[in-house]
There are 2 protein chains.
Amino acid sequence: MAGMSIGQAAERSGCTVATVRHYEDEGLLKGIGRAPNGRRVYGWPDIHRLRFVRRCRDLGFSINDVRSLLGATDASSPDCLAVRDMAVAHIDRLRVMRAEIDALERSLSSLAKTCNEACATGRSPVCTIVEDLGATASG
Amino acid sequence: MAGMSIGQAAERSGCTVATVRHYEDEGLLKGIGRAPNGRRVYGWPDIHRLRFVRRCRDLGFSINDVRSLLGATDASSPDCLAVRDMAVAHIDRLRVMRAEIDALERSLSSLAKTCNEACATGRSPVCTIVEDLGATASG
DNA sequence: GTGCATCCTCAGGTAACATGAGGATCAAGC
DNA sequence: GCTTGATCCTCATGTTACCTGAGGATGCAC
């Protein structure tokens with residue numbers, strides 16, 4: 001169980017094969033061994049590291065963020081507080097994103113509603129959505 | 001006021017100059033005139049079209065979406081209902097995105113909280129965030 | 001006429017991979 | 001021993017929506 005192929009590593013870490021190679025290219029994986037036939041060989045520590053990267057990516061961190069996180073965790077004494085600070089900073093980013101999404105949804109709902117009232121009844125010769133979108137830039 | 005430079009067009013439409021050129025390259029603008037000196041010349045219809053594209057992009061539609069929207073609106077009788085359907089479909093996408101963001105925020109908050117309790121007090125020799133992230137893939 | 005702003009057309013960069021070409025290797029079945 | 005299909009390798013290019021910069025022409029103000 002100590003020597004896994006890239007296919008197995010991908011499956012166990014929740015990545016695609018291409019993504020595993022990509023993370024190695026990006027320097028997020030260190031010291032991946034090679035079998036005599038040239039194929040990559042993975043051990044469990046590599047799988048854990050891949051999962052870590054994958055999960056961070058799923059959480060919305062960039063590759064560079066992950067690099068920093070790994071730097072903090074690779075250090076002799078993992079800088080937990082730095083990691084926490086990055087998490088907190090990212091939460092702030094998420095809140096901004098959610099606010100934007102909420103605003104967009106309101107805009108689109110309003111647009112669709114207007115259309116239902118004015119267009120679907122055949123009352124308007126020109127789709128009001130089109131006018132709404134093109135007339136004035138919001139804000 | 002009928003012949004605007006690309007700089008003026010950009011300013012009035014809320015795009016950058018590079019973006020205005022890009023939209024033209026993408027075929028979203030049609031029949032942009034040229035002055036004898038080779039510079040692009042824009043009229044108000046172009047500005048409205050640029051605003052339309054810009055606003056759609058702000059609303060999260062892809063360039064291809066916008067192409068479809070413009071196709072619907074360019075038709076002799078704008079297909080308002082098609083436009084509305086795209087808006088509604090996009091609202092669904094936004095709802096999925098928001099659900100994901102909410103989940104991420106919960107995960108990160110939980111992570112940060114755990115860290116505050118276990119790491120910041122110096123109780124844990126290894127940052128629990130690191131373990132949390134790497135141990136098991138969520139789900 | 002000097003200088004700075006604006007414009008032009010390429011070409012290449014960005015993020016995070018996905019996809020495909022062209023070829024080697026492995027494992028299974030006959 | 002041999003065929004076949006799956007997996008692996010590297011390298012190159014595609015994706016999305018632009019941004020940035022090179023190298024050069026033009027416009028406008030003083």
Side-chain angles (χ1 to χ4, degrees), chain A residues 3-29 32-43 46-47 49-70 86 90 93 97 100 104 137, chain B residues 3-29 32-43 46-47 49-70 86 90 93 97 100 104 137:
Chain A
M4 288 173 269
S5 70
I6 194 171
Q8 291 174 309
E11 191 179 350
R12 292 180 206 249
S13 64
C15 305
T16 68
V17 168
T19 300
V20 174
R21 290 203 195 96
H22 179 62
Y23 288 165
E24 187 181 346
D25 289 346
E26 289 289 333
L28 300 179
L29 268 43
I32 298 301
R34 295 281 182 145
N37 57 17
R39 298 191 173 190
R40 294 174 178 82
V41 179
Y42 300 81
D46 302 318
I47 307 301
R49 201 176 176 90
L50 278 169
R51 281 185 189 162
F52 177 85
V53 175
R54 186 67 257 162
R55 183 138 160 75
C56 289
R57 292 284 306 118
D58 287 343
L59 289 173
F61 291 100
S62 71
I63 292 274
N64 265 331
D65 287 341
V66 180
R67 224 188 300 277
S68 302
L69 288 168
L70 285 173
M86 289 188 66
H90 194 59
R93 290 204 290 272
M97 287 171 64
E100 286 172 354
L104 299 190
Chain B
M4 287 174 271
S5 70
I6 193 171
Q8 290 173 311
E11 191 179 350
R12 291 178 207 249
S13 64
C15 305
T16 68
V17 168
T19 300
V20 174
R21 290 202 195 97
H22 178 62
Y23 289 164
E24 186 180 349
D25 289 344
E26 289 289 332
L28 300 179
L29 268 43
I32 298 301
R34 297 278 182 149
N37 57 16
R39 300 193 170 186
R40 294 173 179 83
V41 179
Y42 300 82
D46 303 317
I47 307 300
R49 200 175 177 91
L50 278 169
R51 282 184 189 164
F52 177 86
V53 176
R54 186 66 255 164
R55 183 134 161 76
C56 289
R57 293 283 307 118
D58 287 343
L59 289 172
F61 291 100
S62 71
I63 291 275
N64 264 332
D65 287 341
V66 181
R67 224 189 300 278
S68 301
L69 289 167
L70 286 174
M86 290 189 64
H90 194 60
R93 291 204 291 272
M97 288 171 64
E100 287 172 353
L104 299 190

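In what follows, chains are A, B, ... by sequence order, proteins preceding strands, each numbered from 1.
- Distances shown here put every side-chain N or O of B/R39 at or beyond 4.0 Å from the OP1 or OP2 atom of D/dG27.
- Here B/R67 lies out of heavy-atom contact (under 4.0 Å) with every strand.
- Here B/S5 reaches the OP1 or OP2 of C/dC7: one of its side-chain N or O atoms lies under 4.0 Å away.
- Protein atom CZ of A/R34 is 12 Å distant from nucleotide atom P of D/dC8, rounded to whole Å.
- For the pair B/M86/B/S68, a side-chain contact is recorded, criterion being any heavy-atom separation below 4.5 Å from C-beta on.
- Considering only side-chain N and O atoms, A/R54 lies nowhere under 4.0 angstrom from the phosphate OP1 or OP2 of C/dA16.
- We find that CZ of B/R21 is positioned 11 Å from C1' of C/dC10, with the value rounded to whole Å.
- Atom CD of A/E11 is separated from atom P of D/dA6 by 16 Å (rounded to the nearest Å).
- Mapping A/E26 and A/A18 onto DNA chain C by nearest heavy atom places A/E26 at the nucleotide closer to the 5' end.
- Where B/I63 and B/N37 meet DNA chain D, the nucleotide closest to each residue was compared, and B/I63 sits on the side nearer the 5' end.
- Listed pair A/R40 / D/dC8 fails the phosphate criterion, with no side-chain N or O lying under 4.0 Å from OP1 or OP2.
- One atom, CD of B/E24, and another, P of D/dC18, lie 15 Å apart when rounded to the nearest Å.
- Between B/Y23 atom OH and D/dT16 atom C1' there is a gap of 12 Å when expressed in whole angstrom units.
- Rounded to an integer number of Å, the gap from A/M4 CE to D/dC8 P is 13 Å.
- The side chain of A/R57 lies closest to C/dC17, out of C/dC8, D/dT26, C/dC17.
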